[in-house]
Amino acid sequence: ALENPERLVAEELIASRLTHDIYSNAQLQEVMTDFWLNHFNIFDGKGADRYLLTSYERDVIRSHALGKFKDLLLATAQSPAMLFYLDNWLSVGPDSDVARGIPPRRPYVRPRPRMGPFGPRIGMPYPRPQRPTRQNKKNSSGLNENYARELMELHTLSVNGGYTQQDVIEVAKVFTGWTIQQPALGGGFHFDERMHEPGDKLVLGHRIKSGGQNEGLKVLDLFAHSPATAKFVSTKLAQRFVSDNPPPALVARMQRTFLKKDGDIREVLRTMFHSPEFWAPQAYRAKVKTPLEFVASAVRATGADVQDPVPLLQFLNRMGEPLYGCQPPNGYSMMAEAWVNSSALLNRMNFALALATGRMPGLQVSPQQLLGESQVPADSQQVLAQLENDLLDGDVSVQTHDTISKQLDDPRITQRRLDDPPRPPNVGVIAGLLLGSPEFQRR
């Protein structure tokens, strides 16, 4: 028997995620999966989410990553993983049947008549049905505002979306009853009318008529088609692909496409990719790779054969980006300031050297594999020049080239003592220095 099946499921999900990022030929799909997993972040350290995350990534995020935003938004709202993470599955309307202690209404079944020795007794009354008695209020969490607030602040309208605290309360009432069917058994989405707050609600000046589950669908549709949502999502996409401070003209163009094409993410991306700002010299290598991007790109660049992803995951933890390990609901940052510091850069250099020199268990890298040749050149400068082309497309600054070039006479690079005869250079160390260079840290 498995001692900790939840942990095993979580570890398999993390390994699968990293394998997708490294080996998939559909890299845009993987990038957008990573983008939405941060936008609709869920922390795997919270109870049932350890095993609910697998379906969340596969059926909610990955399958909608390049579809329409409104479909993705609805899928996240009804996901047991999101309902559990932000506690909406426990949210109970203050005037709902559950909060007032009213028991479930059972269908009335006409009782059988009283029988005598010769059949039903004529004129004898039927047993009177017992009316349900009012019970004490059920111990519940009451109205929970977590999902309502994050829905507007992080998922759709943004922190400057023009909503008030009263809007948060009204939206929280709308989503009462959106719960999980048997969460301990991994059940799916379930709408419980008895937990739902009755009556009309007023959200952003729009009256949402009382209608049970349909109220939530109307609010999600309202948010998905809001200009504020279009701007917020477009801005984040531009920050992910172009720069930390994307040009306003680019964001405005993407926002118009978002509204015109009903939130079609493919169309918004197409607008961005065909914009002059995307190809501008200022956008070239303007973005610093996150630890996940750095690890995945380094393994892809070296052609390493990953037989055990655990060492890669350990380095990701050291770099500050354990997969599914972001506890706040806003997910990991895409901004350079979150990842550029002396400790982080040292961890990246240590990873690059361990990877390229074959000192990382579970990964195989050979000098011939790095160079794409059967024989390693004897000249270290020739190796450097070739690796600069292979790993960085020849686009290396003079400072980076000179810094590495000066180290090529170091015995650790040439693998010899000063009085030894010349030996082939250590290709792995040179490759590791290039992977740890400022140029490779940027996209």
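As a basis for the values below, the full set of heavy atoms in this structure was taken, side chains included, without hydrogen atoms, waters or symmetry mates.
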Where [X] and [Y] come nearest, the two heavy atoms and their spacing:
| X | Y | value |
| --- | --- | --- |
| Asn41 | Pro329 | CB-O, 3.4 Å |
| Glu193 | Gly212 | OE1-CA, 4.1 Å |
| Val60 | His64 | O-ND1, 2.8 Å |
| Leu370 | Gly428 | CD1-CA, 4.1 Å |
| Ala344 | Trp339 | CB-O, 3.2 Å |
| Cys326 | Gly331 | SG-C, 3.5 Å |

Other residues, nucleotides, ligands: >12 heavy atoms within 6.0 Å of [X] [atom1]:
| X | atom1 | answer |
| --- | --- | --- |
| Asn214 | CG | yes |
| Lys287 | NZ | yes |
| Arg266 | CZ | no |

Do Glu439 and Ser397 get their side chains close enough for a donor-acceptor pair, meaning under 3.5 Å? yes
Nearest-0.5 Å distance that lies between atom [atom1] in [X] and atom [atom2] in [Y]:
| X | Y | atom1 | atom2 | answer |
| --- | --- | --- | --- | --- |
| Leu151 | Glu145 | CG | CD | 13.0 Å |
| Met349 | Ser437 | CE | OG | 7.5 Å |
| Thr76 | Tyr85 | OG1 | OH | 13.0 Å |
| Leu83 | Asn146 | CG | CG | 12.0 Å |
| Asn350 | Met360 | CG | CE | 9.5 Å |
| Ile42 | Met82 | CD1 | CE | 4.0 Å |

Can we say [X] and [Y] salt-bridge, meaning some charged N sits less than 4.0 Å from an Asp/Glu carboxylate O?
| X | Y | result |
| --- | --- | --- |
| Arg149 | Glu153 | no |
| Arg240 | Glu293 | yes |
| Asp167 | Lys201 | no |
| Asp264 | Arg270 | no |
| Glu215 | Lys218 | no |
| Asp221 | Lys70 | no |
| Arg17 | Asp34 | yes |

Test your reading of the model: is there a side-chain donor-acceptor pair from [X] to the backbone of [Y], 3.5 Å cut-off?
| X | Y | value |
| --- | --- | --- |
| Asp393 | Asp395 | no |
| Thr271 | Glu267 | yes |
| Ser234 | Ala230 | yes |
| Tyr332 | Pro322 | yes |
| Asp244 | Ala336 | yes |
| Ser297 | Phe294 | yes |
| Ser24 | Asp21 | no |
| Ser96 | Ala99 | yes |
| Glu197 | Val174 | no |
| Gln307 | Gln364 | no |

Between Tyr147 and the options Trp178, Phe175, Trp89, the ring pair (Phe, Tyr, Trp, His ring centres under 6.0 Å) test singles out Phe175
Do Phe84 and Leu52 make a side-chain contact, defined as non-hydrogen atoms from C-beta onward lying under 4.5 Å apart?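 With C-beta onward as the side chain, the pair touches.
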Evaluate the side-chain proximity of Phe223 to Val171: yes if any heavy-atom separation is below 4.5 Å, no if none is.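 Result yes, sub-4.5 Å side-chain heavy-atom pair found.
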Which ring pair (Phe, Tyr, Trp, His ring centres under 6.0 Å) pairs, counting each pair once, include a residue from residues 225-254, with sequence neighbours left out? His39-Phe232, Phe241-Phe273
Just one of Leu312, Leu313, Leu355 clears the side chain to side chain contact (heavy atoms under 4.5 Å, CB included) bar with Val295, so which one?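 Looking at Leu312, Leu313, Leu355, the match for Val295 under the side chain to side chain contact (heavy atoms under 4.5 Å, CB included) is Leu312.
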Please determine whether salt bridge (Lys or Arg N to Asp or Glu O under 4.0 Å) holds for the pair Arg253 and Glu277, giving the CA-CA distance in whole Å, both sets of side-chain angles, and the decisive distance to 0.1 Å. CA-CA 11 Å; Arg253 199 177 301 120; Glu277 295 89 349; 2.9 Å; yes
Regarding Arg348 and the six-membered ring of Phe351, is the cationic atom NZ or CZ under 6.0 Å from the ring centre and inside 45° of its axis?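 Because its charged atom misses either the 6.0 Å distance or the 45° angle limit, Arg348 does not stack over Phe351.
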Could you check Asp87 against Lys46 for salt bridge (Lys or Arg N to Asp or Glu O under 4.0 Å), going step by step and ending with a plain yes or no? CA-CA 11 Å; Asp87 301 316; Lys46 184 173 181 178; 2.8 Å; yes
Qualifying salt bridge (Lys or Arg N to Asp or Glu O under 4.0 Å) pairs, either residue in residues 319-334, two or more places apart: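 Those involving residues 319-334 do not exist here.
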